[in-house]
Structures are given as C-alpha cells and as structure tokens.
Amino acid sequence: MIDFLYGIGFGLCFLVLVVLYRGIFGPGVYNRIAAVSAVGTKTLIILLIMGFIYNRVDMFIDISMVYALLNFVGTLAAAKYLEMEK
Amino acid sequence: MIHNSTDVIIKTVARIFIPFIQLYALYVIMHGHYSPGGGFQGGVILGASLILLLITHGERVAMQRISENWITILFSLGVLIYAGIGTLCLFFGGNFLDYGVLAPLLHVSPAAARSLGILGVEIGVGIAVMSVMVSIFYNIARSGPYRNKGTTARRES
Amino acid sequence: MEITLLVQATDECFSVIEKARRHAIDVLNTATLLTSETRSVEERKLQALLKGAVQARASSQQFLSTFLILMAFWCLLSGKFDIFHLSLGCICSLVIAYLSHDLLFANVRVGDARLIIQRFIAYMPWHLYQIAISNVHVAKLVLSPRMPIEPNVFRFKTKLESDMSWMALATSITLTPGTITIDIEDSGEFVVHALDKKLAADLNAGEMEDKIAHIFMESDHIYIQDALDMARVFGAMK
Amino acid sequence: MNFWHVLSILFLSGGLFFFATATLGLLRFPDFYTRLHATGKGDTLAVFLCLIGLAFYAGFSLSCLKIIFIAVFMFLAQPTATHAISRAAMKSGVTPWTKEDATK
C-alpha cells in the first residue's frame with residue numbers, strides 16, 4: 001500500500017511539472033493564475049501523501065489545511081488585484 | 001483603494017469561511033507545543049482571515065469590524081503580554097523568560113508553569129503579528145496616511 | 001330701525017357661532033392628529049421594541065449556534081479532551097463567536113437553517129452525480145483528437161432571492177457539465193460561459209434552479225419537489 | 001490489504017485520472033475560459049476523490065474527520081476561486097474564444 005502511495009505521489013509531481021508548462025508559457029496573466037491554482041490543489045494532495053508515508057499524519061494534516069486556506073485566499077487576492085488593473 | 005465591488009458569491013463564501021479560519025488560527029496558536037504552529041504561524045493565519053474579509057467585503061466593512069484604533073491597541077497589547085511575562089519572571093528571581101520561577105504564583109508544578117508561560121507568550125506574539133500584518137494591509141489598502149482616525153476613513157480620491 | 005339692529009345682532013352672533021364652530025373643528029383636528037400621531041409613535045415604538053426583541057432573540061440564537069458549531073470544530077481539531085484544552089476551546093470559540101456572530105447566518109433564521117442543511121444533504125447525491133457526469137464529459141472532450149466545442153456566453157435571470165441560494169446556484173452551475181458562472185449582476189442576472197449550445201439550452205430549463213429554490217425554501221414558486229412531498233403526505237394520511 | 005485499503009486505492013486512482021484529464025484540458029483547450037472549465041471541474045472532483053481515498057486509508061479516527069473537513073472546504077472553495085478568476089478576466093476584457101476564431 002505504501003508503494004502505491006509513492007506511485008500516486010510521483011504521478012502528481014509529474015502532473016505538476018506538466019501544469020507548470022502552462023504556468024510558464026501561458027499567454028496571459030490569467031492562464032498563469034489558473035495554473036498556480038491547479039498546482040496548489042495538487043501540492044495539497046502531495047503534502048497529505050507525504051504525511052501518510054512518513055506516518056506523521058497529524059502534523060501534515062494541519063500543514064495541508066493551512067495550505068488549502070492560503071491557496072484559496074491567494075487566488076482570491078490575485079483575482080481581486082487583476083480585476084482592477086484595466 | 002479597494003472598493004467593495006466583489007459580487008455576491010465571493011462575499012457569501014468568505015462570510016462562511018471567516019469564522020472557521022479564525023478558529024483554526026487560534027487552534028494553531030494554542031497548540032504550539034503539540035502540533036506544528038505557535039504564535040507566529042497562528043498570527044499570520046489570523047491576519048490572513050482579516051485580509052480575506054478586507055478583500056471580499058471592501059475596506060468600509062472591514063474597518064467597522066476591526067478599526068484602526070483597535071489595531072494599534074492590539075499590537076501594543078501583544079508586545080505588552082510578551083514582555084510582561086518575561087519581566088514577571090525577573091521579579092521572581094529567574095532570568096528574563098524563565099517560566100519555571102512562576103510556579104509559586106500560579107501554584108502549579110514548575111513544568112506546568114513553563115507550559116503555561118509558553119502559552120501566554122505565544123498568545124501575545126500571535127496578537128502582535130496579526131495586528132501588525134493587518135495594519136500594514138490597511139495602510140496599503142487605503143493608500144492613505146495613518147492620520148485618519150477611527151472608522152470614517154476619508155476618501156482622498 | 002330696531003329690526004335692522006336686531007338683524008345685525010343676529011348676524012354677529014351667527015358669525016361668532018361660526019367662528020367658534022370652525023375653531024372647535026380645528027381644535028378637534030389637531031387633537032385627532034395628535035392622538036393618531038402619538039398612537040403611531042407608540043405603535044412604532046412598540047414595533048421597534050418588538051423588532052428589537054425579535055432581533056435580540058435572533059442575534060442571540062445566531063451567537064449561540066455559531067458558538068456551538070465553533071466548539072464542535074475545535075473538538076474536531078484538537079484531539080485532547082482534557083479540561084484545560086476544552087476550556088481553552090470554549091474561550092476561543094466565545095471570542096470568535098462574539099467577533100463574527102452575524103457572519104455565518106447573516107439573513108437566515110437559525111431555526112430553518114437546520115432544515116436547509118437537511119435538504120442540502122438530500123441534494124448532495126444528485127450534485128455529486130452531476131459533477132461526475134461533467135468530469136466524464138470533460139474527459140471525453142479532452143481525449144478526443146478533434147475537440148467538438150463551440151463556447152458561447154449567455155445570460156439568464158434567476159428566480160431566487162437570498163444570496164445563499166445565489167451562491168449555491170452559482171457553485172452548482174460551475175460544477176454541472178459544460179457551464180461556468182462568470183458573473184452575477186445585482187439584478188440577479190447570471191452570466192454563464194457554456195461549452196456548447198445544447199448544454200446551455202438544458203440549463204435554461206431551470207431544473208436545477210427549482211431544486212435549489214426548494215432547498216432554500218423560497219416556496220412562493222410551485223415546484224415539482226413540493227408537489228411530490230404533498231402527494232406523499234396525502235398518501236400517508238389516507 | 002484489507003477492504004479499506006482496496007477502496008482507498010480505487011478512489012486515489014480515480015482522483016489521479018481526473019487530475020490527468022484536468023491537466024490535459026488545461027493544456028489542450030484553446031482559450032482561457034475553456035481551460036477554466038477543465039481545472040474548475042476536474043480539480044474539484046479529483047481533490048474530493050483523493051481526499052476521500054486518503055480518509056479511507058487513515059481509518060476511522062480524528063485525522064479522518066479532519067481530511068473530510070478539508071474535502072468539504074475544497075469542494076466549496078475551488079468553484080469560487082474559478083469563478084473569481086473568470087469574473088476578473090471578463091471584467092478586464094478577455095474576450096472568450098468562439099468557433100469563428102478557429103476558422104480564421
């Protein structure tokens with residue numbers, strides 16, 4: 001079971017790299033924010049999987065909760081900022 | 001200037017999440033010695049929840065909820081708690097932050113006094129970090145000098 | 001000669017009586033005005049008192065329920081149930097509940113919040129099913145070499161009122177196949193970006209809107225769901 | 001390898017599959033709004049499935065409840081974030097791609 005989690009973790013890391021392509025070459029600012037938000041959700045799952053692999057579940061769950069909160073606030077702040085920049 | 005033009009959905013979702021984020025921040029402050037966290041991280045999350053309120057509901061609502069005066073009072077209060085517990089230990093003969101000496105005051109065992117002392121210091125640090133962060137954000141948001149007193153922030157533009 | 005004097009005297013007393021009558025009528029009017037004003041003032045004061053009482057009760061109910069929810073969330077967060085941490089949790093939830101007691105239930109009475117949550121849980125399976133279809137739809141679109149999409153933006157007016165129901169509708173529109181909510185004007189007009197015409201059409205059928213209106217009890221519109229409930233109730237009574 | 005582990009393997013692989021389609025959608029779709037369709041929907045369901053899978057793996061305990069709370073949080077936060085970005089894009093004048101642009 002643990003090596004299955006390793007597999008999922010590496011799969012997600014590969015997906016993060018693929019999303020980074022859109023993040024770097026994204027034509028406009030908005031594609032980049034969408035890419036950053038997508039990377040954010042993937043790293044949330046990677047964090048939790050790391051927590052289960054090193055069986056420090058309680059610590060990593062708190063970290064991933066904070067990560068989800070701040071990812072959400074960050075995306076809202078970026079959207080708010082870009083909305084006014086005519 | 002952050003005028004509150006965000007529409008209904010973002011406002012309602014922020015309204016639902018803010019109490020939970022604030023309680024989570026206090027949890028992180030209080031549980032410094034068991035799980036990851038402590039004064040600084042909890043204070044940052046508390047500041048983030050107020051900044052979320054400021055972003056989504058505009059600065060007028062945020063100002064009503066936590067006004068500029070309260071922020072100044074809070075961050076001096078935070079530093080007061082932190083330094084106060086430190087000097088309290090001095091009065092009891094220990095050195096600056098040696099909580100063990102506080103045992104007779106709280107009539108608990110030295111170990112428990114030490115954990116209570118750390119908890120007090122973390123609460124002080126949390127409050128200070130939160131209010132400094134929010135005051136920076138208020139200044140940037142209003143792009144106005146600190147001179148405007150109270151909640152009626154004058155609109156320069 | 002005396003007659004003319006007599007006539008003048010009677011005229012004068014008539015005019016005096018007339019003046020007195022008009023004066024009396026004015027006094028009467030002001031009196032009624034006063035009484036009605038005081039009554040309306042009293043009424044308003046009573047209503048204000050009543051509303052104040054209702055407001056106080058509602059806000060205290062909100063405060064209590066926010067406090068209970070936050071306390072439950074605290075126990076969920078910290079695994080330690082000894083007295084010290086629980087009291088710590090109580091103090092923290094009291095502070096947060098005081099600080100933001102009107103945030104969670106801004107305009108929803110706490111009494112019917114429970115009912116809304118029950119109906120929301122009943123709505124959840126259908127919602128998850130919708131999301132599953134939408135993702136399969138996106139997967140089909142993405143994996144097919146020639147992507148058959150022709151996106152368009154369209155607007156539609158919603159019947160719902162409370163902002164909670166707007167939020168639920170916008171979220172479920174974003175999660176149903178092929179559509180994303182872009183904006184809501186204050187007049188309740190949703191701007192939606194759809195992947196192709198067919199999906200946009202069946203959204204207008206408003207089938208989802210009825211479900212959400214049923215959840216948030218905006219029952220002034222007659223809905224299939226309510227009809228079903230009534231049928232079941234009558235069936236049971238028979 | 002008890003029953004819960006098999007269930008969590010199922011959910012996690014489902015989540016990974018939907019993550020993959022969302023990422024592919026992010027790359028292949030021609031225009032910003034259509035890409036938001038992919039990430040908005042794909043990521044929401046994928047995160048939900050992965051988190052429920054991990055909750056099964058964690059077995060019934062406090063951390064399982066916390067994971068379910070994160071799942072509910074992301075379930076509501078992700079569409080709102082997508083909505084916020086698309087609203088900002090529309091407000092600052094990003095015109096959605098239409099069929100004619102393809103033939104141009």
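Note that the coordinates shown come from a computational prediction; the quantities given were computed from them, not determined experimentally. Order of the sequence lines sets the chain letters (A, B, ...), proteins ahead of strands, with each chain counted from 1.
A donor atom on one side chain and an acceptor atom on the other are found under 3.5 Å apart for T179(C) and T176(C).
For I184(C), the parts lying under 4.5 angstrom from a heavy atom of chain B are both the backbone and the side chain. With a 4.5 angstrom heavy-atom cutoff, I123(B) does not touch chain C via any of its atoms.
Side-chain contact between M71(C) and L86(C) is present, with at least one heavy-atom pair separated by less than 4.5 Å.
Ring orientation note: the planes of F67(C) and F63(C) are close to parallel, at an angle under 30° on the 30°/60° scale.
Contacts with chain C were tallied for L23(B), V13(B), L119(B); L23(B) has the most, counting heavy-atom pairs under 4.5 Å.
Aromatic rings of Y27(B) and Y24(B) (six-membered ring for Trp) have centroids within the 6.0 Å cut-off, being under it.
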